[in-house]
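Heads up: the structure comes next, in structure tokens.
Order of the sequence lines fixes the chain letters, A, B, ..., with proteins taken first and strands second; residue numbering starts at 1 for each chain. Treat the numbers as computed from the prediction; the structure is a model and nothing was measured.
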Amino acid sequence: MMLEATVKMSNKEKFLSHYGMIDFSHDKESFVEKRRAAEKALKGLEFPTSKTEYWKYTRINKLIRESYQLGPADVDSDIDLSVPTKNCLVFVNGYYTDELSWTEAEAGIDFMPLSEAKEKSDKLKGSFDSLTKKEEIFSMINTAYHQDGAYLHLKKGKAAESVYYIVNISAGNQPMSNPRNFIYLEEGSSAKVVMKHISANEGNSFTNQLSEIFVEKNANLEINKLQSENDDAYQISNDEVSQEGSSQFKMNTISLGGGLLRNNLNLDLNGEHIESWMNGLSLLHGKQHVDHHTLIHHREPNCVSHELYKTIADDASTGVFNGKVFVHPIAQKTNAYQSNANMVLTDDASIYSKPELEIYADDVKCSHGSTTGQMDEEAIFYLRSRGIGKKKARAVLLNAFLTDLVEQIGVEHLREEVQSVIDKKYSGVK
Amino acid sequence: MLKIKNLHASIEGNEILKGIDLEVKAGEVHAIMGPNGSGKSTLSSVLAGRDEYEVTEGSVDFLSEDLLDMEAEDRARAGIFLAFQYPVEIPGVSNINFLKTAINEIREKKGEEPIAAKDFLQRVKEKSKLVGLEGKFNNRSVNEGFSGGEKKRNEIFQMAMLEPKLAILDETDSGLDIDALKVVSEGVNKLKSPDNATIVITHYQRLLDYIVPDYVHVLANGRIVKTGGKELALELEERGYDWIKEEAVKA
């Protein structure tokens, strides 16, 4: 009878049963309530299938059929974090790891594990889970079962001197984690953040990360998300951003590693004179599958949004881009620019690109463009005719293709790191 | 310097060059003229090493080496320079980085150290004056958004920077107004020396008013059908190409 009962479990129930062992008794009551509400919501949600429009080009069967376990909160091996900053919080398999983290407090800035902030922060208590999409299954899984994450809070007018690093490491055998971040910039404050996802293991892992990001009036936030896990790692990422008047926000998503990545980036522009940048740079190889879904709501007049996503797809990799710009009726004088450019290096690589504009205001400037092509053979011959070898010629062109995105990275060390990955990756290109 | 013997070349099975013989010595300027479709551009493409052309017969020696056996980049390193009829736009690559990369690749293959930044900039300054650029294009992407005249001037600037032994100018006059034509020609003339040679490929005689050839060859239907001095170009300008074709048929 037991066996039969097991067989009858749906994929979702089986998957969620992995989380049953997590002990949340330490959580404060208000957060436990959020967890219970999310668990309840999950009862009415199903995993997306090939018929789900929002997931049309990304199959998650292989992701949800794997069996995972809660990983250890520490890594065996020495790993080089290469993070030259005064503030870095490290999470292993979703758990905060004090021995690997270091901080040097700046006045007016709180940077601590979410678990600690739950005891201390009124903002967190009041706004936690307020930006999440209650109909999105992975968001609800994160709310129900998140372990820990980073909490960053800048007080009014504070300009961060340090770059704030949040590092997530997958380690051990088949680990799963639900990292949860909360970033809150008060009026007139500014900060640069790097979120880094790496593997200290081989084989599958599943990371379901969610960040809630609040950018108040006149505040300025840049987030760089570097995804360089191993090629069997699965990651689903939901970033929910709320911007108030005259604020600036930039997200650079740099996808280098990982077997299946799905990034949902959602921006809500709730005031006037807001400026937003969404950038994505994906360098794909092997059988990697990377899917970027972005959604920006222009809810008020006089805002500008820029979006630039580029993918180089090598081998049998797949790149997906779906960018939606929604201009509400009241949002006159909106300027929204969206561009998706892709280069496929082999016959087996694929690109799916779907720009979407929904415009309900009449005095706006919106543009979108999508191009997918191969290496320009004529340009390669031109370079070769000047004495530049074939490999170098290809490297020069691929670098040129990416250069505007690399320049968007406002953290010098990270920019150099990404550049060196590009140089290494394409110096020996076929 | 360059010895072409009985060169036959095809593209996609169509024979375009049907037995070219040509010898170019150091210090000489050769003009190759001919009507559209005669094989002029094919000849320059084959010499520069475009992969899509297949050489079916004949040989090309350049400085006593088998040119046809070399990759395009090795030909450039050996001293061949092709000024393109349609220079390619390369967004995202600055003109200056492009040239530095080219010069350093060539030096590396010769076992030399990369060029010192100071020497490079000095050379850029000096050579860009030759074509009236004065460093104007340095930080712009290669040929991107350039006018027709700017592109051709940039070709000659690159030629000046790379100091080739044999320059092949493929229809460099096409798309140029008379002022640009003069600037480009002056640049080419200033680069002339007893040690290098130039092949000028053109449909029209007017370029040869400025770059005066030692020999003029007429190409028709994949063969050189007539060779003469600079006066042959003037004759072609007056009489057109038909009489040459007829002569060739009779012969």
Side-chain angles (χ1 to χ4, degrees), chain A residues 279-283 308-312 337 339-343 345 369-409 415 418-420 422-423 425-430, chain B residues 44-53 70-95 97-110 112 141-144 151 154-155 157-165 167-168 170:
Chain A
N279 300 314
L281 187 165
S282 308
L283 309 180
L308 178 62
Y309 274 73
K310 288 187 178 181
T311 294
I312 295 178
Y337 307 102
S339 168
N340 174 228
N342 307 292
M343 206 184 276
L345 300 184
S370 172
T371 57
T372 298
Q374 291 169 327
M375 293 287 285
D376 180 351
E377 292 301 329
E378 190 60 23
I380 288 179
F381 180 70
Y382 192 69
L383 294 169
R384 290 175 67 203
S385 78
R386 300 303 183 244
I388 298 170
K390 236 185 240 181
K391 277 183 188 171
K392 181 81 183 176
R394 291 179 68 108
V396 165
L397 293 182
L398 291 172
N399 236 310
F401 178 67
L402 299 173
T403 185
D404 49 359
L405 277 171
V406 174
E407 283 166 7
Q408 288 285 323
I409 302 170
R415 192 169 58 241
V418 171
Q419 185 61 54
S420 85
I422 293 170
D423 292 343
K425 199 165 179 123
Y426 298 119
S427 59
V429 88
K430 290 158 282 218
Chain B
S44 67
S45 295
V46 169
L47 293 178
R50 267 191 202 274
D51 296 333
E52 52 271 40
Y53 292 91
M70 295 159 80
E71 294 282 350
E73 53 269 37
D74 293 323
R75 298 180 194 202
R77 291 163 188 163
I80 292 208
F81 181 90
L82 172 66
F84 280 54
Q85 182 177 3
Y86 303 109
V88 182
E89 298 192 8
I90 309 182
V93 179
S94 77
N95 222 25
N97 272 340
F98 165 55
L99 281 166
K100 201 173 194 174
T101 306
I103 286 172
N104 283 336
E105 281 265 298
I106 293 167
R107 289 171 75 104
E108 195 189 322
K109 296 299 160 193
K110 288 182 183 160
E112 296 170 9
S141 289
V142 179
N143 295 326
E144 192 184 28
K151 282 181 182 169
N154 197 24
E155 292 293 288
F157 171 49
Q158 291 171 36
M159 173 178 154
M161 289 294 290
L162 298 175
E163 298 174 334
K165 297 197 175 72
I168 303 163
D170 187 6

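Crowding of A:Lys392 atom NZ: a count of heavy atoms from other residues, nucleotides or ligands under 6.0 Å not exceeding 12. More than 12 non-hydrogen atoms from other residues, nucleotides or ligands lie less than 6.0 angstrom from OH of A:Tyr337. A 6.0 Å sphere centred on CD of A:Gln374 holds no more than 12 heavy atoms belonging to other residues, nucleotides or ligands.
Here the shortest heavy-atom pairing between A:Gly387 and B:Ala76 reads N-CB, 3.3 Å. In plain terms, the two heavy atoms of B:Pro91 and A:Ala400 that are nearest each other are O-CB, 3.4 Å.
Going from atom CZ of B:Arg50 over to atom CD of A:Glu377 covers 11.0 Å, rounded to the nearest 0.5 Å.
Side-chain N or O atoms of A:Arg384 include none that pairs as donor or acceptor with a backbone N or O of B:Glu73 at under 3.5 Å. Between the side chain of A:Arg386 and the backbone N or O of B:Leu82 there is at least one donor-acceptor pair closer than 3.5 Å. At distances below 3.5 Å, at least one donor-acceptor pair connects side-chain atoms of B:Glu105 with backbone N or O atoms of A:Gly389.
For a residue to count as touching a neighbouring chain, one of its non-hydrogen atoms must lie under 4.5 Å from one of that chain's; by this rule B:Asp74 does not touch chain A. When heavy atoms are compared at a cutoff of 4.5 Å, A:Leu402 does not approach chain B at all. Residue contact with chain B, scored on non-hydrogen atoms closer than 4.5 Å, involves the side chain of A:Thr403 exclusively. Only the side chain of B:Asn143 has a heavy atom closer than 4.5 Å to any heavy atom of chain A. With a 4.5 angstrom heavy-atom cutoff, B:Pro164 does not touch chain A via any of its atoms.
Under the 30°/60° scheme for interplanar angles, the aromatic rings of A:Tyr382 and B:Phe84 are found to stand perpendicular.
In this structure the side chain of B:Ile90 never reaches within 4.5 angstrom of the side chain of A:Val396, judged on heavy atoms.
Here B:Glu155 is the residue among B:Glu155, B:Met161, B:Lys109, B:Met159 with the most heavy-atom pairs under 4.5 Å with chain A.
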Run the numbers on A:Phe381 and B:Asp51 for side chain to side chain contact (heavy atoms under 4.5 Å, CB included), then give the verdict. CA-CA 9 Å; A:Phe381 180 70; B:Asp51 296 333; over 6 Å; no

